[in-house]
Amino acid sequence: MRPSPAAANAVFRAIADPTRRVILDRLRAGPANAGALAADFHTSRPAISKHLRVLREAKLVIDTPVGRERVYSVNPVPLQSVAGWLEGYRAFWQTSLDQLKRNLEGT
């Protein structure tokens with residue numbers, strides 16, 4: 001099942017920001033709360049919370065209440081839409097490079 005265009009756009013919008021990509025990379029190592037994530041940056045905890053909200057809306061992170069805190073973990077499934085989009089370009093470049101190789105070997 002393909003994600004809706006709105007869902008795919010939300011994923012691309014979320015990963016367009018370098019801070020959010022770093023947050024996703026950090027969460028690949030394991031779940032963390034907003035405070036632990038904010039400690040990795042030279043920015044405020046509210047700013048990190050805003051980034052987490054965007055990631056949550058794109059369904060790239062899952063938040064689980066643990067006591068008074070929320071613990072965030074990465075959800076890689078929505079990234080499949082990005083991988084699928086990139087795969088088309090990978091095939092394009094492979095074909096282009098193969099054609100270039102044939103042209104160079106033919107001269």
Side-chain angles (χ1 to χ4, degrees):
M1 181 170 91
R2 291 180 59 107
S4 71
N9 285 341
V11 171
F12 279 103
R13 182 175 151 259
I15 63 171
D17 184 276
T19 300
R20 290 193 283 268
R21 291 193 305 268
V22 172
I23 290 171
L24 287 173
D25 288 343
R26 164 56 183 86
L27 291 175
R28 275 191 305 161
N33 63 27
L37 292 169
D40 294 340
F41 296 93
H42 298 291
T43 187
S44 67
R45 185 174 170 164
I48 295 302
S49 292
K50 287 180 183 180
H51 286 297
L52 286 167
R53 185 182 74 238
V54 172
L55 292 168
R56 203 172 50 248
E57 289 170 355
K59 305 208 180 335
L60 289 167
V61 297
I62 298 167
D63 62 330
T64 306
V66 176
R68 294 175 47 181
E69 294 183 322
R70 293 200 166 281
V71 176
Y72 296 89
S73 56
V74 70
N75 176 24
V77 174
L79 289 171
Q80 289 175 340
S81 62
V82 174
W85 182 77
L86 285 172
E87 190 56 40
Y89 284 95
R90 184 183 331 242
F92 167 78
W93 280 110
Q94 187 60 51
T95 301
S96 297
L97 291 172
D98 289 345
Q99 288 174 346
L100 176 62
K101 180 180 177 187
R102 280 193 302 275
N103 288 340
L104 291 174
E105 288 174 347
T107 36

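Please read all numbers here as calculations on a predicted model, not as lab measurements. Along the sequence shown, the residues carry numbers beginning at 1. Any value given below was found using the heavy atoms of this structure, including those in side chains, with hydrogens, waters and symmetry copies removed.
Within the structure, ring pair (Phe, Tyr, Trp, His ring centres under 6.0 Å) contacts touching residues 5-35 (residues at least two apart or in different chains) are Phe12-Trp85. Residue pairs meeting the salt bridge (charged side-chain N to carboxylate O under 4.0 Å, His left out) criterion with at least one member in residues 74-83: none, sequence neighbours excluded. Evaluation of the salt bridge (charged side-chain N to carboxylate O under 4.0 Å, His left out) test over residues 81-90, restricted to residues two or more places apart or in two chains, returns Glu87-Arg90. Evaluation of the ring pair (Phe, Tyr, Trp, His ring centres under 6.0 Å) test over residues 52-75, restricted to residues two or more places apart or in two chains, returns none.
Here Val66 is tied into one hydrophobic group with Val71, each link being a pair of ILVMFWY side chains closer than 4.5 Å.
For Arg13, there are no salt bridge (Lys or Arg N to Asp or Glu O under 4.0 Å) partners two or more places apart in sequence or in a different chain. Evaluation of the side-chain contact (heavy atoms from CB on, under 4.5 Å) rule for Gln99 yields Thr95, Arg102 as partners, not counting sequence neighbours.
There is no path of hydrophobic side-chain contacts, each under 4.5 Å, that joins Trp93 to Leu104. If you chain together hydrophobic residues whose side chains sit under 4.5 Å apart, Val77 and Ile15 never meet in one group.
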Taking distance alone, no hydrogens or angles, what donor-acceptor pairs closer than 3.5 Å link side-chain atoms of residues 38-62 to residues at least two apart or in another chain?
| residue | atom | partner | partner atom | Å |
| --- | --- | --- | --- | --- |
| Ser44 | OG | Ala47 | N | 3.2 |
| Ser49 | OG | Arg45 | O | 3.2 |
| His51 | ND1 | Arg20 | NH1 | 3.1 |

With a 3.5 Å cut-off and sequence neighbours excluded, list the donor-acceptor pairs that the side chains of residues 26-35 form with protein atoms.
| residue | atom | partner | partner atom | Å |
| --- | --- | --- | --- | --- |
| Arg26 | NH1 | Gly30 | O | 3.1 |
| Arg28 | NH2 | Asp25 | OD1 | 3.3 |
| Asn33 | OD1 | Gly35 | N | 3.2 |
| Asn33 | OD1 | Ala36 | N | 2.7 |
| Asn33 | ND2 | Glu69 | OE1 | 3.3 |
| Asn33 | ND2 | Glu69 | OE2 | 2.9 |

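The minimum heavy-atom distance linking Thr19 with Asp17 is given by the pair N-OD1, 2.8 Å.
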